[in-house]
Number of protein chains: 2
Amino acid sequence: MNIEAQERFRNFLKNARNHRITPERFEVMDAALQFEGHFGADDLYIKMKNNHSNVSRATVYKTLDLLAQCELLTKRNFGDNLNRFENNFFRSNHDHLVCKNCGKIAEFSHPGLREVANQIAADLGFDISGYSFNIFGKCKDGTKCRHTDE
Amino acid sequence: MNIEAQERFRNFLKNARNHRITPERFEVMDAALQFEGHFGADDLYIKMKNNHSNVSRATVYKTLDLLAQCELLTKRNFGDNLNRFENNFFRSNHDHLVCKNCGKIAEFSHPGLREVANQIAADLGFDISGYSFNIFGKCKDGTKCRHTDE
DNA sequence: ATTGCTGCAAAACGTTTGCACCTAT
DNA sequence: ATAGGTGCAAACGTTTTGCAGCAAT
């Protein structure tokens, strides 16, 4: 579908040792890049099944990790024991604000966070590969968000 | 065990509606506050079992969430589909650096992150309850950390 | 007396694995 | 020819749930 993304994935697979270029992997890539917003691996599997794909669940899970490794996707975790993926090809880096009531996810980007992360990693002797900044709270969206007063 | 913590938990249970004060809950509280470092709910359950407690797994899981709600514990998630808890009673707030190779977790605190989070939440109309800043990378601890070159 | 809590076991959930067959290299 | 990938189903580990009896209010 997307030539540039295909090219990046292909090169990633070629350069990583022992990775083969298969039609199934590109099928997963296409479906993943078409997904709007955040999605779980199983969401994608179901969606592909509904579209009459016969790529297996195992292949979907494995391929999504490969796509995250080559940074076509970003793997996110908002503290609910569910890995979510997000297109990282079209958009710039950003972080998330999660509503604990209704699950709504807002996005923001804050200049300087990257630099803070780099600095801390350097200070502590880590070879940084990424960071995640999640803010938790309750949104004020009356239509979606039941305000339990917990 | 710890009078001040007990008091806080007791008040939390009293003030929240429909929460009862039971011996099992304080048994879990004591065991949790004694745990050094990060622990999973099941870790605590096993440890209590080994100490001849007969509090059930269900009660441990439920009580840990209550303890996180009243901020005696902090619930963490480092993206590996496992909820970890950490004593939040004795220590000040801090964030984490996670080694993707060996799982080692380093801690840091960075002044200003709290303020950044507050500001962003305010801007986006969220009622903030907390934030998490995790940095991922590889540590340089030769003894623990196999440096696969992925 | 009410209704929340408990222990137990079973189920649920997302994810990973073992296997035999297949296919890219 | 080799070794990595595939689909399938079963297994995994963590967490949640249904239930009958129990206990805090």
Side-chain angles (χ1 to χ4, degrees), chain A residues 6 9-29 31-32 35 38-49 51-70 73 75-85 103 150, chain B residues 6 9-29 31-32 38-49 51-69 73 75-85 103 150:
Chain A
Q6 250 182 45
F9 194 27
R10 185 185 308 278
N11 284 333
F12 168 79
L13 293 172
K14 258 185 191 147
N15 296 336
R17 44 203 191 324
N18 308 334
H19 279 33
R20 290 182 182 169
I21 291 165
T22 68
E24 289 86 353
R25 286 178 169 169
F26 286 92
E27 208 181 319
V28 173
M29 186 199 84
F35 220 115
H38 306 90
F39 59 93
D42 238 60
D43 297 335
L44 185 66
Y45 171 68
I46 300 297
K47 192 183 171 193
M48 291 178 74
K49 262 286 172 273
N51 290 351
H52 313 101
S53 165
N54 39 18
V55 173
S56 70
R57 179 177 270 113
T59 297
V60 170
Y61 274 81
K62 288 171 185 165
T63 305
L64 286 174
D65 277 332
L66 294 174
L67 289 163
Q69 276 174 45
C70 78
L73 298 179
K75 196 174 185 173
R76 309 269 185 198
N77 190 303
F78 300 127
D80 58 351
N81 296 326
L82 173 61
N83 290 318
R84 294 159 198 275
F85 293 85
E150 139 181 23
Chain B
Q6 251 182 43
F9 194 27
R10 185 183 309 277
N11 285 333
F12 168 80
L13 292 173
K14 257 185 192 149
N15 296 338
R17 43 203 194 320
N18 309 334
H19 278 36
R20 291 179 181 171
I21 291 166
T22 68
E24 289 85 355
R25 285 177 170 172
F26 286 93
E27 208 181 322
V28 174
M29 187 199 82
H38 307 88
F39 59 94
D42 237 61
D43 297 336
L44 185 66
Y45 171 68
I46 300 295
K47 191 184 171 191
M48 291 179 74
K49 262 284 172 274
N51 290 350
H52 313 101
S53 165
N54 38 21
V55 173
S56 71
R57 180 178 268 112
T59 298
V60 170
Y61 273 83
K62 288 172 184 163
T63 305
L64 286 175
D65 277 332
L66 294 174
L67 290 164
Q69 275 176 46
L73 299 179
K75 195 173 186 174
R76 309 270 185 198
N77 191 303
F78 300 127
D80 59 351
N81 298 325
L82 173 61
N83 289 320
R84 295 157 199 275
F85 293 86
E150 125 185 34

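Naming: A, B, ... by sequence-line order, numbering from 1 per chain. What you see below is based on every heavy atom in this structure, not just the backbone, and it leaves out hydrogens, waters and symmetry mates.
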Closest non-hydrogen atom pair, A:A32 against A:L64 | CB-CD2, 4.1 Å

Using whole Å, report how far CG of B:L44 lies from P of D:dG13.
-> 19 Å

Side-chain contact check for B:H19: nearest option of C:dC5, D:dT15, D:dT6 is C:dC5

D:dG5 base to A:R20 side chain: any donor-acceptor pair below 3.5 Å?
-> no

Taking C:dC8, D:dT6, D:dT15 as options, the one with an atom nearest any side-chain atom of A:N81 is D:dT15

Classify the nucleic acid contact of B:R25 as base, sugar-phosphate or nothing, counting any heavy atom under 4.0 Å across all strands shown.
-> sugar-phosphate

Counting any heavy atom closer than 4.0 Å, what does B:N18 reach on the DNA or RNA strands: base, sugar-phosphate only, or nothing?
-> sugar-phosphate

Is any side-chain nitrogen or oxygen of A:N83 closer than 4.0 Å to OP1 or OP2 of C:dT15?
-> yes

Has A:Y61 got a side-chain N or O lying under 4.0 Å from the OP1 or OP2 atom of C:dT16?
-> no

Which of the following nucleotides, C:dG14, C:dG7, C:dA24, is nearest to the side chain of B:A58?
-> C:dG7

Measure from the side-chain heavy atoms of B:T59 and tell me the nearest of C:dG7, D:dT15, D:dG7.
-> C:dG7

How long is the span from the CG atom in A:N18 to the CG atom in A:L13, to the nearest 0.5 Å?
-> 11.5 Å

Determine: side-chain N/O of A:S56 to OP1/OP2 of D:dC8, distance under 4.0 Å, yes or no.
-> no

Considering only D:dG5, C:dT25, C:dT16, which nucleotide approaches the side chain of A:R57 most closely?
-> C:dT16

Contact under 4.0 Å: B:T22 side-chain N or O vs C:dT6 OP1/OP2 | yes

Shortest non-hydrogen contact between A:L66 and A:F12, atoms and distance = O-CE2, 3.8 Å

Closest nucleotide among D:dA24, D:dT14, D:dT6 to the B:P23 side chain | D:dA24

Would you indicate which nucleotide in C:dT16, D:dT15, C:dG7 comes nearest to any side-chain atom of B:V55?
-> C:dG7

Separation of B:K62 atom NZ from D:dT15 atom C1', in whole Å?
-> 11 Å

Can you check the B:L13 CG to D:dA23 C1' distance for me, whole Å?
-> 15 Å

In whole angstrom, give the distance that lies between atom CZ of B:R10 and atom C1' of D:dA24.
-> 13 Å

Picking from C:dT15, D:dT15, D:dT6, which would you name as closest to the side chain of A:E24?
-> D:dT6

For residues B:H19 and B:R25, report the shortest heavy-atom separation together with the two atoms involved.
-> C-NH1, 4.1 Å

Is B:R57 reaching over with its side chain to a backbone N or O of B:A41, donor-acceptor style, under 3.5 angstrom?
-> no

Interatomic distance where CG belongs to B:L82 and C1' belongs to C:dT16 [whole Å] | 16 Å

Could you tell me the separation between the CD1 atom of B:I21 and the P atom of D:dC22, rounded to a whole number of Å?
-> 23 Å

Measuring from A:E27:CD to A:T22:OG1, what's the distance to the nearest 0.5 Å?
-> 9.5 Å

A:Y45 OH to D:dA9 P, in whole Å, measures 9 Å

